[in-house]
2 protein chains.
Amino acid sequence: MSPRIGLDQTTILMAAADIADTQGIDELSLAAVAKKLNIRTPSLYNHIDGLPGLRMKLSVYGLEQLYATAHSAVTDMTGDDAIRAMSAAYLAFARARPGVYELTLRAPDPGHPEVVEAGGKLVRLLVALFEDYNMTEDAALHAVRCLRSVLHGFASLEQKGAFGLPLDLDVTFRLLVDTFIAGLQTIRT
Amino acid sequence: MSPRIGLDQTTILMAAADIADTQGIDELSLAAVAKKLNIRTPSLYNHIDGLPGLRMKLSVYGLEQLYATAHSAVTDMTGDDAIRAMSAAYLAFARARPGVYELTLRAPDPGHPEVVEAGGKLVRLLVALFEDYNMTEDAALHAVRCLRSVLHGFASLEQKGAFGLPLDLDVTFRLLVDTFIAGLQTIRT
DNA sequence: TTGCAAAAACTAATATCATTAGTTATAGTA
DNA sequence: TACTATAACTAATGATATTAGTTTTTGCAA
């Protein structure tokens with residue numbers, strides 16, 4: 001009496017996300033997921049396309065989650081406030097779901113339609129942030145790249161434990177965002 | 001007639017670095033290194049402490065190389081010029097040695113003495129950049145964290161192919177560094 | 001010069017993982 | 001009620017890291 005236990009892709013993704021968040025991205029294996037779900041490894045193949053497929057789905061899941069939290073954070077906000085709210089939401093997500101966040105940027109094939117679509121939504125949300133700043137279209141796109149660099153750089157270094165000194169990380173992050181906002185007028189043409 | 005071929009740790013590290021740079025960090029395995037050197041996998045254990053040991057040594061190697069190129073880039077420079085030179089050297093290294101650069105921040109144990117020492121040298125070089133700006137000591141340390149975030153964020157996203165739009169990356173990077181420099185006065189106290 | 005000890009490179013063996021092929025039993029449908 | 005699709009399984013294969021134990025060479029000491 002083993003077939004039809006009720007396994008589905010969402011269950012698998014949630015288990016995998018939990019492993020990635022708590023044990024680290026390198027510990028995410030099909031064997032670990034199967035063990036957590038009390039099933040045998042090959043059973044996973046009925047719902048996902050191997051380990052690369054699982055990682056791809058997790059990337060999409062993470063991008064959608066990040067979009068959702070960022071979107072609700074910036075609604076009804078404009079200008080510097082919106083940038084600050086976006087930044088706070090971004091970092092909060094990266095901190096709450098370190099494994100999922102990292103997977104977000106490590107899709108096996110970044111060109112996969114689902115990943116491109118999910119990432120595109122997030123980028124469009126970011127582009128909208130700069131509509132209040134009277135920039136040319138290209139300048140806004142450069143600004144988006146800059147903001148993404150700032151946010152990802154901090155989140156990534158913090159996550160890797162690369163900030164060793166005993167100095168308040170939240171203070172650094174606030175200064176980082178303020179510095180970006182203050183310097184933003186540099187990007188115009 | 002097999003013992004004493006003349007293998008040593010440096011030879012192994014160079015082969016591993018080349019694999020990481022050309023094939024990607026996920027393709028770096030002891031099997032791949034052994035194949036490239038025409039030896040058997042277990043022979044590597046006479047010179048390195050398994051795959052984690054190899055990755056740790058590569059982290060240190062990368063940090064030292066990055067320090068060397070950054071150091072020579074900023075000598076005799078001060079202020080904004082020094083920050084710009086440092087930024088250019090950092091990105092150039094990340095681009096030239098993508099695998100080694102990535103390993104730099106992914107040491108199996110970031111607390112290992114050798115990694116801490118090599119990373120510390122680099123951080124001290126960065127701290128020196130802000131001596132020209134009349135900041136408090138803490139402010140300078142925050143500034144270093146901000147600059148690292150900016151540089152790593154851009155280098156990392158570029159490397160992962162996360163900047164999809166057809167917009168000149170060098171222009172974005174110049175704007176990013178200029179924005180940081182322009183906003184720097186925000187960090188004072 | 002000769003002999004010995006350290007160690008380099010090896011073969012063999014084990015364990016873990018991803019993946020595929022093929023089997024069985026269940027759930028939904030005709 | 002019977003049949004088909006398929007979920008979950010067992011078995012098997014191949015890649016990898018790692019350890020144990022063997023052989024041979026190098027370098028040093030008597």
Side-chain angles (χ1 to χ4, degrees), chain A residues 1-61 99 102-103 106-109 112 115, chain B residues 1-61 99 102-103 106-109 112 115:
Chain A
M1 56 159 93
S2 44
R4 307 295 151 108
I5 296 300
L7 191 60
D8 66 357
Q9 195 177 75
T10 302
T11 304
I12 294 173
L13 286 181
M14 295 307 102
D18 187 60
I19 291 170
D21 285 335
T22 57
Q23 302 178 46
I25 201 181
D26 293 327
E27 298 302 316
L28 175 60
S29 62
L30 294 186
V33 173
K35 188 171 187 177
K36 188 182 183 76
L37 296 174
N38 285 308
I39 57 171
R40 306 293 172 172
T41 307
S43 305
L44 295 168
Y45 284 79
N46 287 315
H47 305 277
I48 52 151
D49 195 10
L51 187 56
L54 174 60
R55 292 168 62 116
M56 188 271 286
K57 290 290 184 186
L58 273 181
S59 291
V60 174
Y61 167 73
E102 200 175 345
L103 259 317
R106 286 183 59 180
D109 172 18
H112 190 288
V115 177
Chain B
M1 61 164 89
S2 44
R4 306 296 149 108
I5 296 301
L7 191 60
D8 66 357
Q9 196 178 74
T10 302
T11 304
I12 294 172
L13 286 180
M14 295 307 101
D18 188 59
I19 291 170
D21 286 334
T22 58
Q23 303 179 45
I25 201 182
D26 292 327
E27 299 301 316
L28 176 59
S29 62
L30 294 185
V33 173
K35 189 170 186 179
K36 188 182 181 75
L37 295 173
N38 286 308
I39 57 171
R40 305 293 171 171
T41 306
S43 305
L44 295 168
Y45 285 78
N46 287 314
H47 304 277
I48 52 151
D49 195 10
L51 187 56
L54 174 61
R55 292 167 62 117
M56 187 272 285
K57 289 290 184 185
L58 271 182
S59 291
V60 174
Y61 167 73
E102 201 175 345
L103 260 317
R106 288 183 59 181
D109 171 18
H112 191 288
V115 177

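Naming convention: chains lettered A, B, ... in sequence-line order (proteins, then strands); numbering from 1 in each chain. We use all heavy atoms of the structure for the numbers below, so side chains are in, but hydrogens, waters and symmetry mates are not.
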Taking the side chain of A:Ile5 as heavy atoms from C-beta outward, which of D:dA8, D:dC9, C:dA9 is closest to it? D:dA8
Round to the nearest Å and state the distance from A:Leu51 atom CG to C:dT16 atom C1'. 14 Å
Taking CD1 from B:Ile48 and C1' from D:dT19, how many angstroms apart are they, rounded to a whole number? 15 Å
From D:dT18, C:dC10, D:dT10, pick the nucleotide closest to the side chain of B:Arg40? C:dC10
Distance, rounded to the nearest Å, where B:Leu54 contributes CG and D:dT16 contributes P: 15 Å
Nearest-angstrom distance from the residue atom CG of B:Leu7 to P of C:dA7: 16 Å
Has the side chain of B:Asn46 got a donor or acceptor that lies under 3.5 Å from a partner of the other kind on the base of C:dA9? yes
When you measure from the side chain of A:Ser29, which nucleotide among C:dA9, D:dT18, C:dA18 comes out closest? C:dA18
Under 4.0 Å between a side-chain N or O of B:Tyr45 and OP1 or OP2 of D:dT19? no
Using whole Å, report how far NZ of A:Lys35 lies from C1' of D:dA8. 20 Å
Would one find more than 12 heavy atoms of other residues, nucleotides or ligands at under 6.0 Å from atom CG of B:Asp49? no
Among D:dC9, D:dT18, C:dA9, which nucleotide has an atom closest to any side-chain atom of B:Ser43? C:dA9
Give, for atom CG of A:Leu37 and atom CE of A:Met14, the distance between the pair rounded to the nearest 0.5 Å. 11.5 Å
Any side-chain N or O of A:His47 below 4.0 angstrom from OP1/OP2 of D:dT6? no
Rounded distance in Å - CG (B:Asp26) to C1' (C:dC17): 15 Å
Is there a side-chain contact between A:Leu58 and A:Leu28, using heavy atoms and a 4.5 Å cut-off? yes
Look at atom NZ of B:Lys36 and say whether more than 12 heavy atoms of other residues, nucleotides or ligands are closer to it than 6.0 Å. yes
Taking atom P of D:dT24 as reference, at what distance in whole Å does atom CD1 of B:Ile39 sit? 19 Å
Is a side-chain donor or acceptor of A:Thr22 paired with a backbone partner of A:Asp18 at a separation under 3.5 angstrom? yes
How many Å lie between CD on A:Glu27 and C1' on C:dC17, as a whole number? 12 Å
